[in-house]
There are 2 protein chains.
Amino acid sequence: MKLENVTEVSSKRWYDDACGTAMALELIGERWSLLVVRELMFGPRRFGELKADLGGISANVLTQRLGGLARAGILTRRMLPSPASVQVYELTPWGYESETAIRELGRWAARSPAHDPTLPLSAASLMLSFRTTFSRQRADGWTALVGFRLGGEEFVGRVDGDWIHVVRADPSAADVTFDGDPMTIASLVYGARPFRDAEAAGTLQITGNRALAERFVTLFPLPDKVAVE
Amino acid sequence: MKLENVTEVSSKRWYDDACGTAMALELIGERWSLLVVRELMFGPRRFGELKADLGGISANVLTQRLGGLARAGILTRRMLPSPASVQVYELTPWGYESETAIRELGRWAARSPAHDPTLPLSAASLMLSFRTTFSRQRADGWTALVGFRLGGEEFVGRVDGDWIHVVRADPSAADVTFDGDPMTIASLVYGARPFRDAEAAGTLQITGNRALAERFVTLFPLPDKVAVE
DNA sequence: CGGCATCCGGGAAGATACTG
DNA sequence: CAGTATCTTCCCGGATGCCG
């Protein structure tokens with residue numbers, strides 16, 4: 001049957017507001033939408049990867065969101081070339097441009113007293129947080145190539161003094177590599193947890209130039225929490 | 001009876017994600033929340049004003065949102081001093097800091113092919129859009145004090161070359177004043193509609209230095225629309 | 001298994017009526 | 001004017017099943 005959601009044009013749950021911010025809410029205001037975009041921020045991903053990294057989203061909702069975001073022109077479905085022949089979802093160039101807005105939202109919200117940094121964290125969230133909280137003042141011209149192996153997902157961060165670039169890539173050529181789950185790495189960077197502690201627990205492995213790693217984790221100051229009144 | 005939403009702690013509709021962006025969605029991800037914040041961006045407002053400016057929100061939902069935002073520390077309820085003695089809602093300092101994120105969302109979303117600038121617009125949206133789209137390149141050191149009377153709401157924008165400051169204030173001391181509804185002003189600024197056109201229609205009145213007004217409306221270039229594939 | 005449709009229960013949003 | 005109470009409608013989330 002498939003009725004194709006006939007109402008179509010009159011779908012009626014929009015804001016009817018010319019403001020760009022209201023438009024943004026039409027585009028990514030539904031539950032999970034913005035987090036789907038976040039997960040795609042470092043390149044194409046498969047349905048199952050998205051579902052796994054967005055702890056708790058159900059398959060039908062993910063399907064809906066991917067469809068809506070594709071219709072909005074924020075992402076596209078694409079077939080990886082043979083022999084892979086798997087379907088992936090990838091942001092459009094405009095979709096990638098939402099990163100600034102996503103980062104600003106995160107930067108603002110992280111100051112909430114309710115923010116709990118000990119909750120689970122996806123690999124993409126962690127990498128994105130580096131771009132958000134990077135302090136060029138603390139980096140002060142420093143340069144390094146830092147790798148990450150986060151349970152199957154691999155990234156390389158290149159600190160070049162002014163900025164940090166992060167891409168999905170094989171970290172084997174990096175100066176130093178963190179190997180652990182995202183929460184563990186986050187506890188080093190944002191919780192000032194000693195490396196030895198995590199290593200003793202068996203949840204972290206550092207390979208390469210350890211001194212660089214020790215410096216790296218100091219580059220990302222969190223914004224101050226809001227005072228509770 | 002009022003059961004007081006017993007589930008309380010286990011309410012379960014959160015994202016369970018340490019990412020700041022996910023936290024932002026907890027705080028302002030519910031329908032209408034971010035637009036309520038937007039409406040408060042230029043100072044305290046009353047319940048009825050908010051309801052009127054957010055075309056279409058129902059009273060019970062607005063009540064819920066105001067309660068939630070207050071609990072989150074984003075806004076506070078406050079009694080204006082006697083003899084006004086009316087209740088108003090006002091952003092906390094941290095609430096005001098969300099402006100950057102709101103602007104970035106708007107800037108990004110305005111590039112959507114689906115964005116329709118002819119829809120209704122609140123006064124706060126229009127004023128906020130000035131801060132979003134202001135081009136210091138076009139202003140090029142120019143200075144002016146521009147007033148707005150938007151159906152009872154009054155604002156003054158001060159262009160000082162580098163930036164534009166907008167506050168709620170009596171525009172009678174401004175160099176020039178726009179008097180009309182927000183949609184009309186928007187059509188001048190973003191639609192390049194001739195002043196004479198709107199004046200002839202009786203929806204616009206310019207008082208003061210008209211040349212300043214003509215220049216003012218050129219300072220706010222819209223970002224290019226995304227190409228439709 | 002990846003992707004998507006369908007059915008269902010609970011809860012949030014919308015509209016309206018009502019109260020101090 | 002500032003909300004509250006109530007009812008309806010719609011969306012979210014889970015389970016299940018189909019099909020490649």
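Protein chains get the first letters and strands the later ones, always in sequence-line order, with residue 1 at the start of each.
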Can you find a side chain N or O atom of A:Arg77 that sits less than 4.0 Å from OP1 or OP2 on C:dC4?
-> yes
Looking only at C:dC4, D:dG3, C:dA15, the nucleotide nearest the A:Ala59 side chain is C:dC4
Checking only heavy atoms, does the side chain of B:Asn60 share a donor-acceptor pair with the base of D:dG3 at less than 3.5 Å?
-> no
Over how many whole Å does the gap from B:Ile57 atom CD1 to D:dT4 atom P extend?
-> 14 Å
Parallel, tilted or perpendicular: which fits the ring planes of A:Phe155 and A:Phe42, with parallel below 30° and perpendicular above 60°?
-> perpendicular
May I ask you to check whether over 12 heavy atoms, not counting those of A:Arg158, lie within 6.0 Å of atom CZ?
-> no
What about the rings of A:Phe148 and A:Phe130, do their centers lie closer together than 6.0 Å?
-> yes
Quick one: is D:dC12 close enough that its OP1 or OP2 comes under 4.0 Å of any side-chain N or O from A:Gln64?
-> yes
Nucleotide nearest B:Arg46 (side chain, heavy atoms from C-beta), chosen from D:dG3, D:dA2, C:dA15 = D:dA2
Ignoring the backbone of B:Arg31, work out which of D:dC12, D:dG3, C:dG14 is nearest its side chain.
-> C:dG14
A:Trp14 CH2 to D:dC10 C1', straight-line distance once rounded to whole Å | 15 Å
Find out whether the Lys NZ or Arg CZ of B:Arg31 is both under 6.0 angstrom from the six-membered ring centre of A:Tyr15 and within 45° of the ring's axis.
-> yes
Regarding the side chain of A:Tyr89, the nearest nucleotide among D:dC12, C:dC4, D:dG3 is C:dC4
Of the nucleotides D:dG3, C:dC4, C:dG14, which has the atom closest to the B:Trp32 side chain?
-> C:dG14
Rounded to the Å, how far apart are A:Leu54 CG and C:dG2 P?
-> 15 Å
d(CG, B:Leu62; P, D:dG3) in whole Å | 9 Å
